[in-house]
Amino acid sequence: MGRWAKPPEGSWTEHYPELGTDPVSFRDSTSPEFYELEREAVFKRAWLNIARVEELPRVGSYLTREIDAAKSSVIVVKGKDKQIRAFYNICRHRGNKLVWNDFPNEEVKGTCRQFTCKYHGWRYDLDGALKFVQQPGEFFDLDTSQFGLKPVNCEVWNGFIFINFDPEPKWSLRDYLGPMITALDDYPFELMTERYEFEAHNNSNWKIFADAFQEYYHVPSLHSQQVPSAVRQPNATFECGHFQIDGPHRLVSTAGTRRWKLAPEYMYPVERVTRSGLVGPWRTPETHFSAGLNPGGIEPWGITNFQIFPNLEILIYHGWYLLYRYWPTSHHTHRFEAYTAFHPARTVRERIEHEVAAVVLKEFALQDAGMLGGTQAALEYDVVDEFPLSDQEILVRHLHKVAVDWVEAYKSEHAPVGV
């Protein structure tokens, strides 16, 4: 049995009295009107993670991101001074999308010396400056210094690239992340560069899907194939060791060990053969330590999930990590990105172990995705609007409260004077 305990209040939820304990509403996940406000209040104001620095390995490396929730396309590029910058993906001449290949709504990546518009040939340097205009004498007092690419605020924390669409963000990235997240300043994410990515387009609101990774109350029922029979008994308990909230961000830690694995009868045959699976390779190259990794002091520690509002989750295991990103596409759909990141394999066997772990984890996540379309459909019947949450669902309660609070604050700021 692991060593951990609930806080003195007797429950995690009561440890944060501002959350309350009443049943909650999920109208924030079913209302088209709320979604339109959320786009402005959250996705155009919060810091959004879009990439890691390894994706821009050299001067001139770039990638584009299509961000429906902000109605924007963004170019992210490494400049000649090695700085990473972001710009709106719009030519300043006639508004053509600047960087795209065959289909303008598809994301692309590559390397270049300048960005050249396909339409009329205007060229921009890697720092966004306008460097060439076809037939400049045809224009009327054109000051090229005033027509560089429009920048998007861009900052980097521990290799994670974030952008903010607010012209004047309320916080620097570091202040926004806060001490619970920046306690991972010393965690060596840069060592884990072997990545296995996947993407899913889901028929649920982004928060409804994020809820599935904020509690383990659902595991015995939904993931019954992956848990021992003792956990599936009606009176069995199954909960996490530590929950923590800091501003809009959350974390949850679970118990485990460096070589923690399920009993053979609860594994896929390929897991038994390759000695890898749901919790990663059974033999991990190294456990990295950080002051922020296990703030609850769980013994034995297994996983900590850092949930950075609104669109990023980083799940850190022993010697590797898993990343999730959420990109809303409507009030009841979203694009889900994920990847597993390992130390580069030194042998063929290690490569196989990594690939098996990535596939099993993908299947596990998509079990949640398959369920939550049903959740979304039922919520939209609009029959019930009060849902009781257990103490283990504290982070579900928190996420929806934060989203509503940000929208209400935005509405107050934009209310007509005297209203």
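Computed over heavy atoms, backbone and side chain alike; hydrogens, waters and symmetry mates excluded. Just so we're clear, the structure is a prediction, and the values are computed from it rather than from any experiment. Numbers here are sequence positions counted from 1.
No side-chain N or O of H332 forms a donor-acceptor pair with one of N205 less than 3.5 Å apart. One side chain, E313 or N305, offers a donor N or O that lies under 3.5 Å from an acceptor on the other. No donor-acceptor contact under 3.5 angstrom links the side chains of H249 and Q307, judged on distance only. With 3.5 Å as the limit, one finds a donor-acceptor pair spanning the side chains of H288 and H343. With 3.5 Å as the limit, one finds no donor-acceptor pair spanning the side chains of E350 and T347. Side-chain contact of R325 with N49: a donor-acceptor pair under 3.5 Å is present, judged by distance alone. Residues T13 and D391 have side chains that bring a donor and an acceptor to within less than 3.5 angstrom of each other.
Using a 30° and 60° split on the angle between ring planes, F243 and W12 fall in the perpendicular class, above 60°. The aromatic rings of Y124 and W122 lie tilted to each other, with the angle between the two planes from 30° to 60°.
For W47 and F162, the ring centers sit 6.0 Å or farther from each other. Taking the six-membered ring for Trp and the full ring otherwise, F160 and F189 have centroids separated by under 6.0 Å. If you look at F309 and W406, their ring centroids are closer than 6.0 Å. In summary, the aromatic rings of F165 and F43 are positioned with their centroids too far apart to meet the 6.0 Å limit. Residues Y196 and Y339 place their aromatic rings such that the two centres sit no closer than 6.0 Å.
Residues V360 and E271 meet the side-chain proximity criterion, which asks for heavy atoms closer than 4.5 Å. You'll find the side chain of F87 stays beyond 4.5 Å of the side chain of K150, heavy atoms only. Taking the side chain as every heavy atom from C-beta outward, D382 and T30 never approach each other to under 4.5 Å. Considering only heavy atoms from C-beta on, R85 comes within 4.5 Å of D81 through its side chain. Residues T193 and P344 meet the side-chain proximity criterion, which asks for heavy atoms closer than 4.5 Å. Side chains of R346 and R351 form no contact here, defined as non-hydrogen atoms less than 4.5 Å apart.
Separation of atoms CZ (F147) and CG (L130) is listed at 9.0 Å; rounding is to 0.5 Å. Rounded to the nearest 0.5 angstrom, F306 CZ and L177 CG are separated by 12.0 Å. Here OG1 of T64 is found 9.5 Å from NZ of K109. Values are rounded to the nearest 0.5 Å. Put simply, OH on Y62 and CD1 on I75 are 9.0 Å apart, with the number rounded to the nearest 0.5 Å.
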Show the numbers, then the answer: is there a ring pair (Phe, Tyr, Trp, His ring centres under 6.0 Å) between W320 and H354? CA-CA 10 Å; W320 63 281; H354 296 168; 8.9 Å; no
Give the intermediate values and the outcome of side chain to side chain contact (heavy atoms under 4.5 Å, CB included) for residues F336 and W327. CA-CA 6 Å; F336 174 68; W327 297 111; over 6 Å; no
Run H400 and F26 through ring pair (Phe, Tyr, Trp, His ring centres under 6.0 Å) and show every step you take. CA-CA 8 Å; H400 291 269; F26 292 117; 4.9 Å; yes
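Applying the 6.0 Å contact sphere to NZ of K97 captures more than 12 heavy atoms from other residues, nucleotides or ligands. Atom OH of Y119 sits in a sparse spot, with 12 or fewer heavy atoms from other residues, nucleotides or ligands closer than 6.0 Å. In R113, the CZ atom is not crowded: 12 or fewer heavy atoms of neighbouring residues, nucleotides or ligands sit closer than 6.0 Å. E413 CD: more than 12 foreign heavy atoms inside a 6.0 Å radius.
For R52, the side-chain hydrogen bond (donor to acceptor under 3.5 Å, both in side chains) partners at least two apart in sequence or on another chain are E54.
Counting all heavy atoms, side chain and backbone alike, Y88 lies closest to S72 at CE2-OG, 3.6 Å. In this structure, I84 and C154 approach most closely via the heavy-atom pair O-SG, 3.9 Å. Residues L395 and V252 come closest through the heavy atom pair CD1-CB, 3.8 Å.
Relative to the six-membered ring of W100, K118 meets both conditions, a distance below 6.0 Å and an angle of at most 45° to the axis.
When the options N89, I50, I163 are evaluated for a side chain to side chain contact (heavy atoms under 4.5 Å, CB included) with V152, the one that passes is I163.
A salt bridge links R195 with E55; the closest basic N to acidic carboxylate O contact falls under 4.0 Å.
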Side chains of residues 35-42: which donor-acceptor pairs under 3.5 Å do they make with residues two or more places apart or in other chains?
unit_1, atom_1, unit_2, atom_2, d
E36, OE1, R39, NH1, 3.4
E36, OE2, R39, NH1, 3.2
E38, OE1, W206, NE1, 3.1
E38, OE2, K207, NZ, 2.8
R39, NE, A69, O, 3.2
R39, NH2, D68, O, 2.6
E40, OE2, K44, NZ, 3.2

